[in-house]
Each structure stands twice: as C-alpha cells, then as structure tokens.
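Both counts, for ligands and for their atoms, begin at 1 and track the order of listing.
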Amino acid sequence: MFITFEGIEGCGKTTQIGLMGDFLGTKGLPYIITREPGGTGIGDEVRRILLSPENQEMRPGTELFLYMASRAQHVADVIEPALMDKKIVLCDRFSDATIAYQGYARGFDIVLVKELNQLATSGLTPDITILLDCPVEIGLKRAMARASAASGREGEDRLEMEGISFHQKVREGYLKVAAEEDMRVVVIDGTKDRDIVHEEICKTVLSRI
Ligand code: TMP
C-alpha cells in the first residue's frame with residue numbers, strides 16, 4: 001500500500017508520518033518512510049540543489065524537471081521495490097506536490113504537469129493521500145519557528161522563502177486536487193492537536209488496509 005502525505009509548509013506532515021510509522025510498527029506491519037524530493041542518493045543531491053537558498057536564479061522549468069528527476073529515480077529504486085515486497089510505503093510528498101507547487105502556484109499548465117508526473121512515476125498513483133490542511137499563516141509560522149531553531153533566516157529553504165500569496169496558491173491547489181479526487185485524497189484539519197490528527201489518520205488508513 002502506497003500512502004502519501006501532503007500539505008503546505010508547516011502543516012505537520014513529517015511529524016505525522018513518524019507517528020504513523022511507529023503505529024504500523026506496533027501492529028507488526030512492515031513499512032518504509034521516504035520523501036520527495038530525495039529518497040535516493042541522486043534524489044538527495046537533487047534536493048540540495050532545489051532547496052538551497054543560494055539558487056535564487058533557478059528557472060521555473062529547471063525546478064519542475066528537477067522534481068520530476070528526483071521522482072523518476074525514487075519510484076524505480078525505492079517505492080516500486082518496497083511495494084513489491086508488500087511493504088507499506090509512507091511518502092512525505094509526491095506527485096500532488098508538483099501539481100500544487102509548480103502547477104497551481106508557479107503557473108505551469110496542470111494537464112502538462114500531470115503528463116510529466118505520469119512519465120516520472122510510470123503511472124504509479126498513491127492508494128491514499130493524506131492532505132493536512134492548515135491556514136498559510138499558521139503553517140508558515142511553524143515552519144519559521146523550525147527554521148530559526150536551526151539557524152535563523154538561513155534555516156529557511158528556497159521554497160519556504162516564497163511570499164504568502166505563493167503559499168496561498170499552493171494550499172488552494174491542494175484543495176482543488178482533493179475535490180477532484182475525493183476517493184483518494186483525504187483532507188484532515190492540520191490545526192488540531194497532534195494526537196487527534198494522528199488518530200484521524202490511523203482511522204482512515206486502517207479502514208482501507
Ligand atoms: P519538504 O520541505 O516538505 O521536505 O519539501 C521540500 C519543498 O519542495 C517544499 O517547499 C515543497 C517543495 N516541492 C515542490 O515544490 N514540488 C514537488 O514536487 C515536491 C515533491 C516538493
């Protein structure tokens with residue numbers, strides 16, 4: 001089973017993936033946790049290029065293709081083999097992120113982004129996508145707090161440094177994807193208490209395993 005976690009910066013998805021992994025472990029269910037961009041050696045190198053605040057001159061097209069490059073390597077080397085081994089794959093962002101960020105927020109044609117996703121994933125679609133929805137102001141505040149705990153303004157990555165209206169478009173984009181694919185994408189209120197969000201995610205996942 002392939003489960004992806006999506007949402008704007010600071011929505012809490014990384015925390016929730018960790019909790020979900022622990023939960024599956026206590027049930028004795030085999031799982032892996034992975035992420036995009038990244039998840040492979042090549043993907044991690046691509047991630048560094050994509051997120052480095054030094055790469056301000058990066059063109060939107062370069063950004064789009066780098067996310068796809070990381071995904072192609074990740075699907076073939078990590079996700080497909082784990083699914084073949086009957087493992088539950090918990091993935092921190094996947095194709096929907098490109099639709100929301102590069103499609104709805106950067107302005108690339110949504111049909112084109114979907115076609116590129118198709119190419120990068122060989123048609124692999126998540127069984128369930130958990131969309132942790134949260135107002136941009138709350139998400140960015142959390143992301144900034146995390147960044148300043150790391151190393152001040154420099155702790156923020158290139159995408160986190162985008163303005164509030166960019167993140168607003170990302171949020172709205174994700175909600176459009178959820179409305180179009182309501183069988184696959186489950187929207188959960190990411191502003192609720194961490195443990196309540198975790199319970200809601202467990203219920204959703206268990207009802208579909
Ligand atoms: P993360 O901070 O959740 O690990 O994600 C890294 C950043 O990359 C985040 O700002 C979202 C962005 N991103 C895209 O713009 N497009 C994509 O396809 C993916 C996977 C992530």
For this session: If a pair satisfies side-chain hydrogen bond (donor to acceptor under 3.5 Å, both in side chains) and one of its residues is in residues 194-206, list it, with sequence neighbours excluded.
Result: Lys192-Glu200
Problem set entry | Exceeds 12 heavy-atom contacts within 6.0 angstrom, atom CZ of Phe65 | no
Exercise. Is there any ring-ring contact (aromatic ring centres under 6.0 Å, His included) pair reaching into residues 80-138, and which pairs are they, with sequence neighbours excluded?
Worked result: Phe2-Phe94
For this session: Could you check Glu6 against Tyr174 for side-chain hydrogen bond (donor to acceptor under 3.5 Å, both in side chains), going step by step and ending with a plain yes or no?
Result: CA-CA 8 Å; Glu6 300 278 2; Tyr174 270 131; 2.6 Å; yes
Expected rows: ligand 1 N/O, protein N/O, dist below 3.5 Å:
{"unit_1": "ligand 1", "atom_1": "3 (O)", "unit_2": "Lys13", "atom_2": "NZ", "d": "2.7"}
{"unit_1": "ligand 1", "atom_1": "3 (O)", "unit_2": "Arg93", "atom_2": "NE", "d": "2.7"}
{"unit_1": "ligand 1", "atom_1": "3 (O)", "unit_2": "Arg93", "atom_2": "NH2", "d": "3.3"}
{"unit_1": "ligand 1", "atom_1": "4 (O)", "unit_2": "Arg47", "atom_2": "NH1", "d": "3.3"}
{"unit_1": "ligand 1", "atom_1": "4 (O)", "unit_2": "Arg47", "atom_2": "NH2", "d": "2.8"}
{"unit_1": "ligand 1", "atom_1": "5 (O)", "unit_2": "Arg93", "atom_2": "NE", "d": "3.1"}
{"unit_1": "ligand 1", "atom_1": "8 (O)", "unit_2": "Tyr67", "atom_2": "OH", "d": "2.8"}
{"unit_1": "ligand 1", "atom_1": "10 (O)", "unit_2": "Glu9", "atom_2": "OE1", "d": "3.4"}
{"unit_1": "ligand 1", "atom_1": "10 (O)", "unit_2": "Glu9", "atom_2": "OE2", "d": "2.8"}
{"unit_1": "ligand 1", "atom_1": "13 (N)", "unit_2": "Tyr67", "atom_2": "OH", "d": "3.3"}
{"unit_1": "ligand 1", "atom_1": "15 (O)", "unit_2": "Tyr67", "atom_2": "OH", "d": "3.4"}
{"unit_1": "ligand 1", "atom_1": "15 (O)", "unit_2": "Gln102", "atom_2": "OE1", "d": "3.4"}
{"unit_1": "ligand 1", "atom_1": "15 (O)", "unit_2": "Gln102", "atom_2": "NE2", "d": "2.9"}
{"unit_1": "ligand 1", "atom_1": "16 (N)", "unit_2": "Gln102", "atom_2": "OE1", "d": "2.8"}
{"unit_1": "ligand 1", "atom_1": "18 (O)", "unit_2": "Arg71", "atom_2": "NH2", "d": "3.1"}
{"unit_1": "ligand 1", "atom_1": "18 (O)", "unit_2": "Thr98", "atom_2": "N", "d": "3.3"}
{"unit_1": "ligand 1", "atom_1": "18 (O)", "unit_2": "Thr98", "atom_2": "OG1", "d": "2.6"}

Problem set entry | Sequence-distant partners of Glu181, salt bridge (charged side-chain N to carboxylate O under 4.0 Å, His left out), two or more places apart | Arg184
For this session: Answer yes when Glu9 and Arg142 have at least one side-chain N-carboxylate O distance shorter than 4.0 Å, and no when they do not.
Result: no
